Structure formats: structure tokens, C-alpha cells
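Residue numbers begin at 1 in each chain, while the letters A, B, ... track the order of the sequences. As the structure is a computational prediction, the values presented were derived from the model and not from experiment.
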Amino acid sequence: MKNYNFKKYNKKIYNKWIYYKYFNSNYNKDKKSYSLLLPPPNITGDLHIGHILNFTILDIYARIKRMKGYNVCWIPGTDHASIATVIKVLKELRKNGINVNNISKKQLKTFLFNWSIKYNKIIIDQLKSIGCSCDWDKFQFTLDKKNYNSVIKVFIYLYKKGLIYKKDRIINWDIVAKTTISDEEVIYKKQINYLYYIKYFTEDKKNFLVIATTRPETIFGDTAICINPKDKRYINFINKKVLVPIVNRLIPIITDKSVNINIGTGCLKITPAHSKKDFKIYKKNKKKIKIINIFNDDGTLNVNYKHYKGEDRFIVRKKIYKKLKKLGYLIKKEKIINKIGYSERSNTIIENKLSLQWYLKMKRFIKPTLKIIKRIKIFPKKKYINLFYKWIKNLKDWNISRQLIWGHKIPIYYYKKNVIIATSYKNAIKEIKKKYKKKIKKYDLKRDNNVLDTWFSSWILPIAVLNGINKKNNLFFNYYYPINLLVTGYDILFFWVLRMIMFSSFYIKKEPFKNIYFTGIARDNNKKKLSKSLGNYKNLYYLLNKYGADGVRIGILNNNYENDFIFNENLCLKGRNFINKIWNSFKVINKIKNLKTKYNKIKIEYRLIIKWFENLLNYNLYKLNFLLKNYKIYKSLIFIQKFFKNKFCSIYLEVIKHNKNYINNIIKKKTLDFYYILLKILHPYIPFITEYIWNIFKTKNNNNITISSLPKIKFFNKKIIKKFNYTFTFIKKLKKINLLKKNKKIFIYIKKNNFYKFRKDIYIPLLYKLSYIKEIRIKKKIINKSKYLFFCYKQHKFFLLKKYILLNKKIDNPKYIYKKINFYKNYLLNINNKLKNKKFILLAPKDVIMLEKKKKKDIEMKIFNLKKSLLN
RNA sequence: GGGUGGUUAGCUCAGUAGGUUUAGAGCGUUUGCCUUACAAGCAAAAGGUCACUAGUUCGAAUCUAGUACCACCCA
């Protein structure tokens, strides 16, 4: 087989893991638990790159901990994503030519339900195909029965604590989804807009004020004009009345300090039902002014005035503009750039609207949160902690009600003027019986028709998934809580992560997570967010089919995702190439494994290379462990890749693979051992191919790499590694000097007294093996120097016969050499200045001074060398 | 308007509790090579006054301040 056939094997491998229940986890008092939470993806569509990144990181830790002997429990799930899903479903229906306005609530609910089933399936399949090692028996959907009950229970708990209230406020209204949305879901976009200057005449029509507004269509809702009390221009107007153009309604002129004299004309028209600022002013002047709501829920006007009723707000704007112009009310129209709020979900302009909504008081959450948050380890450290504190300080009450049918219904019932809170109709009836001693029937009751914000079910998740709300302090819960690791994008830091911490701190006074790792956001080559609407988004199945799950995993992980990172398909190609490298190394190892070997003598270079690799392997295991402990995942992968490619393949295998006759039992065993260890440390990153290879090697024992144990770090000697490195860099430098003529091995010459020292520093058998040097010849004196190329590395000097060497044109170009000489001369100057500085000699540590002196020597040697090559 | 992060090779980024780095990696570019694991490969080369200015220091890509530009978040 030329390449690893992921299409053929990946599914089989995953099913095998599931069949043996490797990922299932249950309470076991003898084993340490390690729990992870899958940030539940919305059921609005496929998984995207950000998801895959987060889930792959979670999978790496799940697998590592499992291989370290922990009882790993990774709970998967999906989110019903109330408003986002509704919008998706409505879009789909319209696409299929269905008139959305004719659909009953019941029908829509069926559509939503079917959608949720479809996408739950897709998401689960995608999670499985990228290899996530979740415990599927514990799968949860935020709208399933258990979660529903938890949410209702929490609502009632908070309500009884007096933290939930209903109030009229100006809210953000999404005219497509026909619901409120939170401030966080409003996105402000810069836009070209017009400022209309309109005359408002006084009662006697002798005088007028000019009002500048971007929204002339709202004049129907005007109930006052407001000016700054310090504004001298309008002193005479205070407490008088003006007429609203077109509708001719008399409204008062009031004053308020918050009006900015310098914006527009300094006169503000007050439309309290459709502006936050106006509503604030209204509240101060309740006796003087009224509220008029002029919009329907879909953004059309409800005004009973001729042609405007039922027309869209922006069409009315144009009509009003024409009318004002015609009637002489309009002074001018001015181009401006301002920012306008859009709904993140439906991408339509938000309408501010006065509405009765449910709110959650947040103040009481602050203190416990500040206490608990310190216990959570957050990675990367610096960046996000300050953000947390900033958010907490600016907390506002949370609007938790949404006017949708897809979500957790608010458990409030109304009986005449009485409000009853209960988990069901039945219980509500019982409650009334108890309280008011009245027997009533279901239709006497009216249920609150709001559902809860989708984040209201998300913020209780760490406790709810472990069933800690329905059954407080159950065994299962106590075993796994707090959850050990959460990995998520920083963009939902406030929406979700902080709220989870707040809830857990308040509800059970414990942190929800021990560790949180934040990733950046995937962007394309132009630094734009990846999204379907921009078309810079690749479907997951497309990537998986082309590069395989392992390749995609490596591709996505090969970014520095501590910040926002750039993702393109090319990275997956690189990932697949690495997988291919592993596959090819497997072919070599497999051949070695099948060799019939004996216990004969080992050649020295083999003994050396084994000694080197054994030490390096253990040293690198130690380093890897350190990286993973500190959640340097990106670096850990780069590190392993380099180690595998540059050290194991390029050096170790290159030495071992030739001359099969020399491979004996010891070499064979060592090589296989090394390879097994490499497979094990690679497994968490690329689970499929490693499992496949492992199974071929270990057919007799039925165990799989997934449940094998990670190698323990054994003793290593750094000095030995250093000496080998010296040899390898020497070989590299030697190769750098010049290109060798094809397939020829050459001699190098060295002076006798230098040779003994050289032998101490360098492993000469390896030098022969890995370079084009056939032999080192010792000479007492070099005669006829012009025939040789002089070469110097550290203190060792060599001569190479020129006739065997292809000269590198660039390097031997005098211009290039002069440039280099100049560079080093400048460098030397800096060092000399340092060394001449008396204070430096006095104050700097001795080893630093030694180093500088050594640098000086080396560079002098380099310059000398370069000059010599010029002479040649 | 307020806040946060950033500026190192053509591109994407590493970089140390200030001196073991004579500034690194990957990609891209150039050169050589179908060598019995791998051309989806191997071997090598070119490419940088570490944004700018000042300060602290024996010593600054690294610390401090300011400037310029970029990105994101919030109002």
C-alpha cells in the first residue's frame, strides 16, 4: 500500500473503540477522574474550523489522560440555540417556497423538531469522524427532558430568591425572528446615512425649531422636544409647545442636561418608545409626556395615518422625506457616517422597542464570582484574566426572556391577577388550590408565553450535565465535578464562560472548571472570520475526504491558536504529508520487524546511534510533558513533528536502514521499542493511523493503543546528547561548505596534532556514516596548499581536495564574501567595545565575559576564513 | 470616545523571569538529486540595523515612556 487508506480504515477503527467501550466512564472510587466538557455546538449547521480546533484539543487531553490511567469522562452534547435555529429553519422554509406567515406555531415547532433531529445526527457523525473520544452514552441535548427540568428548577430557585423580575424597558428587537435579543448580540456597523433637518413650528406657527434626525419616520412617535437648559439659543422656547409636522400633534419642549449642545441643532426629538436615551428622559418627565409605540413586530408601522400603516419602516422613511419636502418642513438632507446596530442572528437593523421582559438581577452574583474565579487556571494566562474582571464590574441585569417557541418555557402561570410559579400546569393548579382554596381547570390558567434565552440553559451546563441540579450532590456529580478542562474560543468568554462561573459560584459555591483554555478565532488569508456567508468556509466532510481525519487534525493544530490564526486548506495538505511520512516510516520498521536476526556483534555506529536516540527520546519526553502541562499544545505538536521527522527519520532511520545484514536482535528490539513509544506520543494527536499501525504490530495481544499507557520518562544524560549534537552540526557545516560531486566519497586531511583532540569531540564512525567523508587522513604537513580548500569548524581545521568538490557559485562569489566580512566586522566592533568597557569587565558575570571572548575568537576566525577563501 | 493585543526574513509566526542565539522555525523562492521507506520526498542555499525615538543598564529584539501604523472588543 502506498499511502494510509483513511477512507477504508478510520470508520472501522472508531467503531472498534466504541464496541469495546473504551470511552465510557463510570464512577470508580479506585481511579482518579478526569472530566471534560464539550462546548455544545449549535444545531444550526455543520461544525466549523473553530469547533474542530477546540474539540481536537479536548480530544488530545482526553486521550493523554486516558493513557495516563485516569478515568476520563468526556460528555458530549448539542445546543438548541433558540433564536439562531429559528432563523435557520425559517430561511430553509422560505427557500422551499413556503409562506412563513401562514404557518401555525404547532407546525413550526414540528419543523424545528425535525431540524434538531437531523442536525444532531450530522454533528454527532462529524464529531466521530474527527475522532473525538466522547462517552456517547452520556450525550445530551439542551432541550432534552433532563436539561429541561434542570433549567426550570434553576429558574424557580432564582425566582424564589427574588432575583427574577418583570419590567418595561427599551430592548433590542429583531424584526425577522420577532424576539428581543441581548445587547451582546447587537453588532454595530459603520454606514453612510442621512441627517434630515426638519422644522417644528410653534402653536401660532410664527416661530420654529429645527431638529436634526436620522430617522424621520419616527415623528409619529414624538412626544416632546428636548433641549439643554444651558443652551442660550432656545431659552425662549422652554415650556412652550410645538407641532409635530404632518400629524400636527402638540408636544411640549422640555430640558435635560444629557442633551449635547453640539450635536445636530442641539434640539432632540423625544420618541420614548423607540430609543434608550429618550426613554430615560421620559422617565424623568413622566407627568409631562406620553409614550407612543409606532411599530409592529415585523418593523412595519402601526400608525393610523393614511398610507403609512403596514408599510416597512424604510419605505416610510422615503415617503416621509418626500412629504416633508413637499410641505416645506424640510430644510436640508446631510450625508453622515454613523454606526447602526444589526442583529447578529438575522443581520437586520435592530429596532429599539419598549417592551415588558423578564430580567435577572446580576448584582448578587458578583461577590461569589470574584471569590471563586481565582481558583480557576486560565490559559493563556495574561490575556484573559483582566477581561474577566472588567466584564464583572460592568454587569447589567440580564434580559432572559425571548418571544420564541423554541426553547425552555418560562414556568410562570397567571390566574386572573395572580402569578403562580410551578413546574407544570398540574402543579400550578395544585398550588392555587393550596393558596386560594379554589378549584380551577387548565383553561382558567394562562401560561407566560416567553421562552428563556439560550444562554440560560448554557450557564448551568457544568452542573446540569452531571445531573447536579435534579439530584444535588449525587455520587456521580461529586466524582467528576469540578470539570477538569474546558477548551473554547475567547469570543464566548462573556456569553458563556463567565456566566457559567457566576452560576456555579452562586449556586454551589464551587468553580465549574479547574482549567480553561481559550483559543483564538480562525480567519482566512485576508484576516476575515471564516463564515458561510463570506464563502471562505470549507465543509468539514470535504476536508475529511481529501486529507483524512488525522491530516485535518494536524492541519488545524499547526497554527498558533493562542491568538487569532489564519487557516487555509494548505495546512491540511501539510498535515496529510506528515501522515504520509509516518506511513513510510512504518514500512521501514515493518521490514526490520520481519527480519530474521541473531545475536551477533553490533557495529560501533549502530551502538552509538542507539545510545544517542535513547537519551534524546527520554529528554524529549520530559520536554513534551512540560509543554503539555502548561497547555502549550501548539508547540507540543511542532516539537513532536520535528523530533519524528528530523531526528528519528532523518538520522536514526538513515543510519539503521541500510545494510540489513548488520541488524541483529538488539538493534531490532531497540528500534521497535523506540517506534512504539513514538506511536504512543503521537496517538493523542493523530489517533487513527497510530491505532492502525499499532494493530498490525500487536495482532496477538488484543490491546489497542488507545488504552495503552504512555511511556514513563527514563534517565537521560544531557552531556551525551550535547556531544552527539556537536557531531551532527559538524556534519551539517561540512555539507554546507560545498556541494559534493555526484555519489563520490572523499578524504579530508587533518594535521596530526589536531586529530587527537578532534577524535575526542566528534563521533567519527557517525561522521563516516552520515557525511560524504570516506576517511580522515592524518598529515604532518600540508604541501601545495592551493590544491586544497581550507575548512574550519570551532577549533578544528581541515583540508579538502578541491578537485572532488563542486563549488557553490553564490557562496564563492567575492561580493557575497565581502558582504559577510563586513557584517562580521561590525559585529566584532560591538564585542570589542564591550570588552574594552571597564565597567563591563567589573560588573558582568565571569561566564558572560568568557562567552564574549569566545565569540570574539570565533568571529575573528570566521573573518580570517573568509579572507582566505578570497585568496583562493 | 474608552479598552486590549500586536509590529522580528517575501508570507505566517517562535523567542528567554535582559547575557548559552554569533536572532530561530515552517511556508514560499533558488540550487542539486528519481538514492530499494517516502518526489505528498531528500540534501542544501539565499533572505533580518527585531516599526521608530528616547530612557534604565556594564549589556536591550527582550524592561520603561512616547510616536506611528494594524487588529479586535466595548459605548
Rounded distance in Å between the [atom1] positions of [N] and [M]:
N      : M      : atom1 : result
B/rG55 : B/rG18 : C1'   : 15 Å
B/rU56 : B/rU12 : P     : 36 Å
B/rA40 : B/rC34 : C1'   : 15 Å
B/rC52 : B/rU8  : P     : 10 Å
B/rA23 : B/rG47 : C1'   : 14 Å
B/rG26 : B/rU22 : C1'   : 23 Å
B/rG24 : B/rG15 : C1'   : 8 Å
B/rG10 : B/rC72 : P     : 24 Å

Using a strict threshold of under 4.0 Å (side-chain N to carboxylate O), is an ion pair present between A/K635 and A/E562?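 Judged by the 4.0 Å cut-off on N to carboxylate O distance, A/E562 and A/K635 do not form a salt bridge.
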
Between A/Y631 and A/F379, what is the ring plane arrangement, given parallel below 30°, perpendicular above 60°, and tilted in between? tilted

Below 30° counts as parallel, above 60° as perpendicular, anything between as tilted: where do the rings of A/Y561 and A/Y634 land?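 Ring orientation, 0 to 90° scale: perpendicular.
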
Does [X] make a side-chain N or O approach to OP1 or OP2 of [N] shorter than 4.0 Å?
X      : N      : value
A/K632 : B/rA14 : no
A/S650 : B/rC38 : no
A/K834 : B/rG59 : no
A/N590 : B/rA37 : no
A/N559 : B/rA25 : no
A/K581 : B/rC42 : yes
A/N563 : B/rG6  : no
A/K855 : B/rU20 : yes

Just by distance, no angles: are the side chains of A/Y4 and A/N10 close enough, under 3.5 Å, to form a donor-acceptor pair? yes

Going by atom types only, do A/T690 and A/Y685 share a side-chain donor-acceptor pair under 3.5 Å? no

Taking the six-membered ring for Trp, are the ring centroids of A/F674 and A/F648 within less than 6.0 Å of each other?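 So the answer is no for these two rings.
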
Taking the six-membered ring for Trp, are the ring centroids of A/F586 and A/F697 within less than 6.0 Å of each other?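 Yes, ring centres under 6.0 Å apart.
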
Ignoring the backbone of [X], work out which of [options] is nearest its side chain.
X      : options                : value
A/I566 : B/rU12, B/rC58, B/rC38 : B/rU12
A/F840 : B/rG19, B/rA37, B/rA14 : B/rG19
A/N580 : B/rC58, B/rA40, B/rA37 : B/rA40
A/Y490 : B/rC72, B/rC13, B/rA37 : B/rC72
A/L851 : B/rC58, B/rU20, B/rG15 : B/rU20
A/K642 : B/rC58, B/rA25, B/rC72 : B/rA25
A/C649 : B/rA40, B/rA37, B/rG15 : B/rA37

Look at the side chain of A/E654 and the base of B/rA37, then say whether one donor and one acceptor between them are separated by less than 3.5 Å. yes

Would you verify whether the NZ or CZ of A/R523 falls within 45 degrees of the ring axis of A/F565 while also being under 6.0 Å from that six-membered ring's centre?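 Judged by the rule (NZ or CZ under 6.0 Å from the ring centre, within 45° of its axis), A/R523 is not positioned above A/F565.
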
[X] [atom1] to [N] [atom2]: how many Å, rounded?
X      : N      : atom1 : atom2 : result
A/K280 : B/rA75 : NZ    : P     : 13 Å
A/L842 : B/rU57 : CG    : C1'   : 15 Å
A/K836 : B/rC58 : NZ    : P     : 20 Å
A/M850 : B/rU22 : CE    : P     : 15 Å
A/I651 : B/rC38 : CD1   : P     : 20 Å
A/N577 : B/rA37 : CG    : P     : 19 Å
A/I721 : B/rU20 : CD1   : P     : 21 Å
A/I638 : B/rG24 : CD1   : C1'   : 12 Å

Assigned partner base of [N], Watson-Crick or wobble definition, under 3.5 Å:
N      : result
B/rU62 : none
B/rG48 : none
B/rG26 : B/rC11
B/rC42 : B/rG32
B/rU21 : none
B/rG5  : B/rC70

Comparing nearest nucleotides in RNA chain B, the 5'-proximal residue of the pair A/D847, A/F565 is A/F565

For RNA chain B, whose closest nucleotide is more 5', that of A/K574 or that of A/N584? A/K574

At under 4.0 Å between heavy atoms, what does [X] touch on the DNA or RNA strands: base, sugar-phosphate, or nothing?
X      : value
A/E860 : nothing
A/Y634 : sugar-phosphate
A/K645 : sugar-phosphate
A/K838 : nothing

Looking only at heavy atoms, which two atoms of A/N352 and A/S275 are closest? And how far apart? CB-N, 4.1 Å

Anti or syn, where syn is a glycosidic angle within 90° of 0; which label fits B/rA43?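 Here the answer is anti: the torsion falls beyond 90° from 0.
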
